[in-house]
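The structure appears right after this line, and notes come after that.
Bear in mind the structure is a predicted one, so any value in this text is a computation, not a measurement. Residue numbers start from 1 in every chain, and the chains themselves are labelled A, B, ... in the order their sequence lines are given, proteins ahead of strands. Every heavy atom of this structure was used, including side-chain atoms; hydrogens, water molecules and symmetry mates were not.
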Amino acid sequence: MSDKEVLLDVKGLKMHFPAGSRSLLGGQKRFIYAVDGVDFQIRRGETLGLVGESGCGKSTTARAIAQLYKPTAGEVILEGEDLSKLKAQPLIAARKNMQMVFQDPYASLNPRMTSGDIIAEPLRIYQKRGILSMTKTETEERVEMLMERVGLSRFFKNRYPHEFSGGQRQRIGIARALALRPALMLCDEPVSALDVSIQAQILNLFKDLQDEFGLTYLFIAHDLAVIQYISTRVAVMYLGIIAEISGSADLYRKPLHPYTQALLSAAPIPDPAIERTRKRIILTGDVPSPDKVRTGCYFYDRCSKRMDKCAKSVPRLKEVEPDHQVACYLYHDPE
Amino acid sequence: MTEEVILRVKDLRTYFKTDEGTVKAVDGVSFDLHKGETLGIVGESGSGKSVTNLSIINMIPSPPGKIVGGEVLFMDADLLAMPANKIREIRGNKISMIFQDPMTSLNPFLRISTQMTETIILHQGLGKDEAKAKAIEMLKLAGIPAPEKRIDQYPHQFSGGMRQRVMIAMSLSCNPEILIADEPTSALDVTIQAQILDLMKDLTARLGTAVILITHSLGVVAGMCDTLCVMYAGRVVERGATDAVFADPKHPYTQGLIKSVPRLDVASGNRLSSIRGQPPNVIDLPDCCPFYPRCDKAMDICKRKYPAVSRFDDGRSVACWLYSEEKLP
């Protein structure tokens, strides 16, 4: 564990969505357990990568942290303040410190606004609410500085989103997130819609910005190689829980959880010599639907190493090596 | 893999007329496909991968698209010159396709049985019951549990990975010579992708089917393909055996592409190298190398003329002035 200050502390975060009841006459309520008890910390200046397959709750976790969803349970402590308990006004003030970058650079920019207006919008919102005071020229200057910083010419500020390519649009999205100088950026699959050559440009941009502004990232991706490249630490999610969390290099060298092992072995490596001789762990079946309360290990149905005790109680995340936590009874006994 | 060529694409050109100008989506693509070979076509979005393959089976929507030149020789017959009823006998029978999104390529209103037996009855002349038995056998081969029961279900009752298995079973049900798979796993998660690729590899090897695999993922190509074509702005810039291309990429674009993919087996820390600039606009492309604005090795000639194809001893062909014999003033 490094002794850097903890910026974000997520404790027992749960996000359950109601999904109608079992019968017309009411009866028992049904839920989708999208996020079902997630704990992690992000220290200042580091990148926590959140990886997992579709439907495992990565995006829901990010949105529940940003309080776009009101979490069902748990605490989200940003710089000592529990966001889930805040009223509307103080929450808006606290959110200034936390901004999001979204996956789809086409859907996340308003087509009727110019790129300059899009980047200035967060500044204007906070000015209107009296939380930020900036003159008009200062706002203009900030927008131009941001555009240049993310690799767009300042002369593009009167252009509309459709005049930009996918990679350039994602740069606009990043500039908008940077506008309020947040400490934490929640990046929800920011490179998965981009082509490889552009993806590399944007990943490098994220790294440069982190060095320059001391940013902290929660970085969501389903591509393991991208996560390894960008992250200091990695959390692997499955069905709404965290299966394993550790330092990035450690996780890739020595994955402990059977799910992490399968995930890593399934990811293709762009090298035919390695790819042909690699042994794959092929998981059987699909990811089950997160619509029931689980009393045993969440990965039980698909695990090749399951034991009787795995069905009896839910394994909790436990530190089995320095800075390496895993939720699996292969490494610790039930409590 | 034998030496017998079953598909020969020669100088294929497919243009689209738009209000902004002519889009040369495919502009002089040539390659051979041998019996039992798996050929990968890689490239970024808009490079012409999918249009190439739709052109091969003459399925370009016209207008706006038009195949303006070239030949596609399948067993010595030119598919582009064939009348519509003749090519329908080949599509889905001798040459079949799998698309990216298994939900949109299956009809949501029809049972799997109806959709699967249709092609079998049409092309193999089997009776209804025989066709259904054949369909069940194919589903079993594709690893679908309880196929006798599942065949009477609708597409929405299958998960994404299962639907892609149904598509594979369907496309291989007439023992095609060639299977064209257009981004078959891009919509799937990695663990499911591994299952599907494994299945495709196993089944096509057993049935001796040649495969054209279109993908943007270099990782998938590395594991699946014998040979590969790298496309950029409607042209094949490099072609050769997969091992040779990965070990020693010749074209600056291929070099850049391979270097810009983050790798799991290489510790992070080093900066990722990227290709500068933006992907090209393919509308009214001038007759120059379309990659020169992004190329580190660009020369004066690159701006003036498209390079001729240079051939290497290992069977590689590369379209780049760096290797060209031809010298211009």
Chain B interface, residue from [options] that has the most non-hydrogen pairs under 4.5 Å:
options	value
A:Ile198, A:Ile227, A:Asp271, A:Ile274	A:Asp271
A:Ser197, A:Gly166, A:Ala273, A:Ala262	A:Ser197
A:Ala225, A:Pro272, A:Ala200	A:Pro272
A:Arg278, A:Gln168, A:Arg253	A:Gln168

Any idea which heavy atoms bring [X] and [Y] closest together, and the distance?
X	Y	answer
A:Glu275	B:Gly223	CG-CA, 3.1 Å
B:Leu264	A:Gln228	O-NE2, 3.0 Å
B:Val261	A:Pro270	CG1-CG, 4.0 Å
B:Ile192	A:Arg302	CD1-NH2, 4.2 Å
B:Ala194	A:Arg280	CB-CD, 4.3 Å
A:Gln201	B:Gly277	NE2-O, 3.0 Å

Interface residue of largest heavy-atom contact number with chain A, from [options], under 4.5 Å:
options	answer
B:Leu272, B:Val190, B:Leu218	B:Leu272
B:Lys259, B:Met162, B:Arg294	B:Arg294
B:Thr191, B:Asp265, B:Ile275, B:Ile258	B:Thr191

Q) Taking atom OH of A:Tyr252 and atom CZ of B:Arg263, what is their separation to the nearest 0.5 Å? A)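 With rounding to 0.5 Å, OH (A:Tyr252) is 14.5 Å from CZ (B:Arg263).
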Once you round to the nearest 0.5 Å, how far does CG of A:Asn204 lie from CZ of B:Arg271?
->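 These two atoms lie 4.0 Å from each other.
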| Toward chain B, the part of A:Ile282 with a non-hydrogen atom under 4.5 Å |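 Side chain of A:Ile282 only, per the 4.5 Å heavy-atom cut-off to chain B.
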For A:Ala267, which atoms come within 4.5 Å of any heavy atom of chain B: side chain, backbone, both, or neither?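 Both parts, heavy atoms under 4.5 Å.
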Kindly indicate whether the side chain of A:Val196, heavy atoms from C-beta on, has any atom under 4.5 Å from the side chain of B:Glu44.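 They are in side-chain contact.
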*Measure the shortest side-chain to side-chain distance between B:Met224 and A:Pro268 over non-hydrogen atoms and say whether it is less than 4.5 angstrom.*
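Sidechains of A:Pro268 and B:Met224: no contact.
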Exercise. Output yes when a side-chain donor or acceptor of B:Gln195 lies under 3.5 Å from a complementary backbone atom of A:Leu283, and no otherwise.
Key: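 Judged by distance alone, yes, a pair lies under 3.5 Å.
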(message) What part of B:Asp243 gets within 4.5 angstrom of chain A, counting heavy atoms only: side chain, backbone, both, or neither?
(response)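 Looking at B:Asp243, backbone and side chain both touch chain A.
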